[in-house]
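Structure record follows, encoded as structure tokens.
This chain uses plain numbering: 1 for the first residue, then up along the sequence.
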Amino acid sequence: MAQEPENLCNFTNKAMHIQLDSLPEVPSLVEAPCLSAQLDDSFLSAARNHISKHCTVASRPPILIEELIERPGGILVRWCKVDDEFVAHDYRLQCRKNVASHFEDVYVGSESEFIVLHIDPNIDYQFRVCGRGDGRHEWSPWSVSQLGKTTLVPHEWCSGFEGYSLSSRRNIALRNDSVSHEVLYSKAATYSSGQTLTFRVESVGQLDKRDSIGVCVEPQFGYESLQRDKAVCISTSGAVFVNGKEMTNQLPPITPGSTITFDMEVVSLGTSNNNEGPIHKRRVTIGSNNREVVFDWMLEQTCDSLYFGCSFIHSGWKVLVF
């Protein structure tokens with residue numbers, strides 16, 4: 001989080017993409033602080049030896065933050081290497097809420113992007129990243145820090161469902177031992193076309209063919225699965241259902257740590273076979289365990305945003321949504 005780069009902001013389908021590719025402006029000498037001291041030659045010689053042995057001088061950090069993309073209740077941070085001679089084995093991403101607080105680690109690993117969750121909407125956050133080579137203990141210099149924020153409210157599960165226990169932020173749902181088998185829905189219709197809706201399965205229970213994770217036009221109470229009309233979903237066995245009908249193509253079964261993503265875009269507006277009204281066609285992509293299924297979802301009503309939901313017959317299933 002350090003300089004103000006030239007920001008290229010594209011607001012498309014409620015998603016904000018910020019391209020960050022510049023370095024800070026070098027201040028003039030009159031703006032820079034200056035320290036002056038009289039040092040003898042022996043000290044200068046020793047200092048040069050220590051600096052040449054333990055330090056390196058670079059025109060810029062070897063890693064820079066490339067992009068900040070707002071997500072509901074989070075920010076996707078992407079970074080890249082700008083020094084071809086620097087071979088990074090691990091990256092370290094830090095974040096702080098404002099300049100008065102301390103930076104904290106939010107990710108350490110080999111990936112070059114990470115979604116930082118628990119971000120309050122319309123609040124500036126500062127990010128910086130560094131790296132280290134294989135087998136080395138010291139980290140590289142920090143990147144130029146960048147400011148980012150999200151304007152999208154976080155996704156939340158609806159409280160009050162007997163069969164599920166929720167986290168304090170209501171973004172994690174745990175299927176409990178209740179005999180109630182109803183579908184757990186989102187608090188509001190917060191998923192819009194053009195966004196990526198992500199579910200991460202933290203733990204699993206016994207599989208049942210009625211289990212489901214997906215999106216729908218509106219909540220319909222009294223059902224024990226999203227395998228119904230006006231909904232698309234994936235079962236825990238990997239079967240994909242569109243308006244209650246199972247597709248031929250399947251995805252891998254859901255396992256602990258599985259990430260399921262829903263991407264959607266409005267394709268066209270057509271006419272129903274009986275000419276009773278328009279048909280709204282959405283192109284849907286469901287991804288899971290490095291596999292994808294793409295299909296068109298036909299709806300006889302328009303809706304700017306959708307609800308999400310899940311249903312599990314047996315206890316032990318724990319799902320994070322973001």
L251 with F308, same ILVMFWY side-chain cluster at under 4.5 Å | yes
Can a cation-pi geometry be assigned to R92 and W139, taking NZ or CZ under 6.0 Å from the six-membered ring centre and within 45° of the ring axis?
-> yes
For D124, enumerate each residue passing the side-chain hydrogen bond (donor to acceptor under 3.5 Å, both in side chains) test, keeping only those at least two apart in sequence or located in another chain.
-> none
May I have the step-by-step check of side chain to side chain contact (heavy atoms under 4.5 Å, CB included) for V144 and L64, ending in yes or no?
-> CA-CA 7 Å; V144 176; L64 290 178; 4.3 Å; yes
May I ask whether V321 and L174 are part of the same hydrophobic cluster, defined by side-chain heavy atoms of I, L, V, M, F, W, Y residues being less than 4.5 angstrom apart, directly or through others?
-> no
Starting from the C-alpha separation in whole Å, work towards a yes-or-no answer on side chain to side chain contact (heavy atoms under 4.5 Å, CB included) for W297 and R283.
-> CA-CA 6 Å; W297 182 22; R283 182 71 42 81; over 6 Å; no
Got a second to check how far I123's CD1 is from K149's NZ, nearest 0.5 Å?
-> 8.5 Å
Given the rule that I, L, V, M, F, W and Y join up when any side-chain heavy atoms are under 4.5 Å apart, are V240 and F312 in one cluster?
-> yes
Any chance CG of N122 has more than 12 other-residue heavy atoms, nucleotides or ligands included, within less than 6.0 Å?
-> yes
Do Y107 side-chain atoms and E111 backbone N/O form a donor-acceptor pair below 3.5 Å?
-> yes
Does NZ or CZ of R200 come closer than 6.0 Å to the centre of the six-membered ring of F322, within 45° of the ring's axis?
-> no
Please answer whether the main-chain N or O of G131 pairs with a side-chain N or O of S140 as donor and acceptor at a distance below 3.5 Å.
-> yes
State, with a plain yes or no, whether a side-chain heavy atom of D120 is found less than 4.5 Å away from one of K97.
-> yes
Same apolar cluster (I L V M F W Y, side chains within < 4.5 Å links), V77/I119 | yes
Paired with D263, the side-chain hydrogen bond (donor to acceptor under 3.5 Å, both in side chains) test is passed by just one of T285, T198, T196, namely T196
If we only count heavy atoms from C-beta on, is the W79 to E67 side-chain gap below 4.5 Å?
-> no
Evaluate whether atom CZ of F221 has more than 12 neighbouring non-hydrogen atoms of other residues, nucleotides or ligands under 6.0 angstrom away.
-> yes
Could you pull out all residues at least two apart from Y185 that satisfy side-chain hydrogen bond (donor to acceptor under 3.5 Å, both in side chains)?
-> R228
CD of E138: more than 12 outside heavy atoms within 6.0 angstrom?
-> yes
Those residues that, when tested against Y191, pass ring pair (Phe, Tyr, Trp, His ring centres under 6.0 Å) (two or more places apart) = none
With a 4.5 Å heavy-atom cut-off, do L207 and W317 have their side chains touching?
-> yes
Check the pair S311 / E182 against side chain to side chain donor-acceptor pair (under 3.5 Å), numbers first and verdict last.
-> CA-CA 7 Å; S311 65; E182 61 184 330; over 6 Å; no
Side chains of S237 and S235: donor-acceptor distance under 3.5 Å anywhere?
-> yes
Point-to-point distance, once rounded to the nearest 0.5 Å, from CZ of R170 to OG of S186 = 12.5 Å
Roughly how far, to the nearest 0.5 Å, is the OG atom of S143 from the OH atom of Y91?
-> 12.0 Å
Min side-chain heavy-atom separation L147-F127 under 4.5 Å | no
Do L306 and L197 touch side chain to side chain, with heavy atoms closer than 4.5 Å?
-> no
Could you walk me through whether L93 and V116 pass the side chain to side chain contact (heavy atoms under 4.5 Å, CB included) test, one step at a time?
-> CA-CA 10 Å; L93 176 66; V116 182; 4.0 Å; yes
Verdict with supporting geometry, M247 and F295, side chain to side chain contact (heavy atoms under 4.5 Å, CB included) = CA-CA 9 Å; M247 293 183 60; F295 57 89; 3.6 Å; yes
Interatomic spacing from CZ in R291 to CG in N249 - rounded to 0.5 Å = 8.0 Å
Keeping the roles fixed (side chain from S203, backbone from G316), state whether a donor-acceptor pair exists under 3.5 Å.
-> yes
Could you give the distance from CG (D83) to CD (E85), rounded to the nearest 0.5 Å?
-> 6.0 Å
Ignoring hydrogens and angles, state whether a donor on the side chain of S193 or R282 is under 3.5 Å from an acceptor on the partner side chain.
-> yes
Group every Ile, Leu, Val, Met, Phe, Trp and Tyr by side-chain heavy-atom contacts under 4.5 Å, then state whether V266 and Y307 land in the same group.
-> no
Does T150 reach the main-chain N or O of R71 with its side chain, forming a donor-acceptor pair under 3.5 Å?
-> yes
Given C310, which of V183, I213, D211 fulfils the side chain to side chain contact (heavy atoms under 4.5 Å, CB included) condition?
-> I213
Are the side chains of R169 and P154 in touch, meaning some heavy atoms are under 4.5 Å apart?
-> no
Atom CG of D177 with >12 non-hydrogen neighbours under 6.0 angstrom = no
Looking only at atom types and distance, does a side-chain atom of S305 sit under 3.5 Å from a main-chain N or O of A189, one as donor and one as acceptor?
-> yes
Note, L117 side chain near L320 side chain (heavy atom, < 4.5 Å) | yes
Residues S258 and T255: side-chain donor-acceptor under 3.5 angstrom = yes
Could you tell me whether R128 sits above the aromatic face of F103, with NZ or CZ closer than 6.0 angstrom to the six-membered ring centre and within 45 degrees of the axis?
-> yes
Once you round to the nearest 0.5 Å, how far does NZ of K230 lie from CG of L299?
-> 8.5 Å
Side-chain contact test, heavy atoms from C-beta onward, threshold under 4.5 Å: evaluate it for V201 versus K318 and give yes or no.
-> no
Relative to the ring of F199, is the ring of W157 parallel (under 30°), tilted (30 to 60°) or perpendicular (over 60°)?
-> tilted
Charged N to carboxylate O below 4.0 Å: is that the case for E66 and R78?
-> no
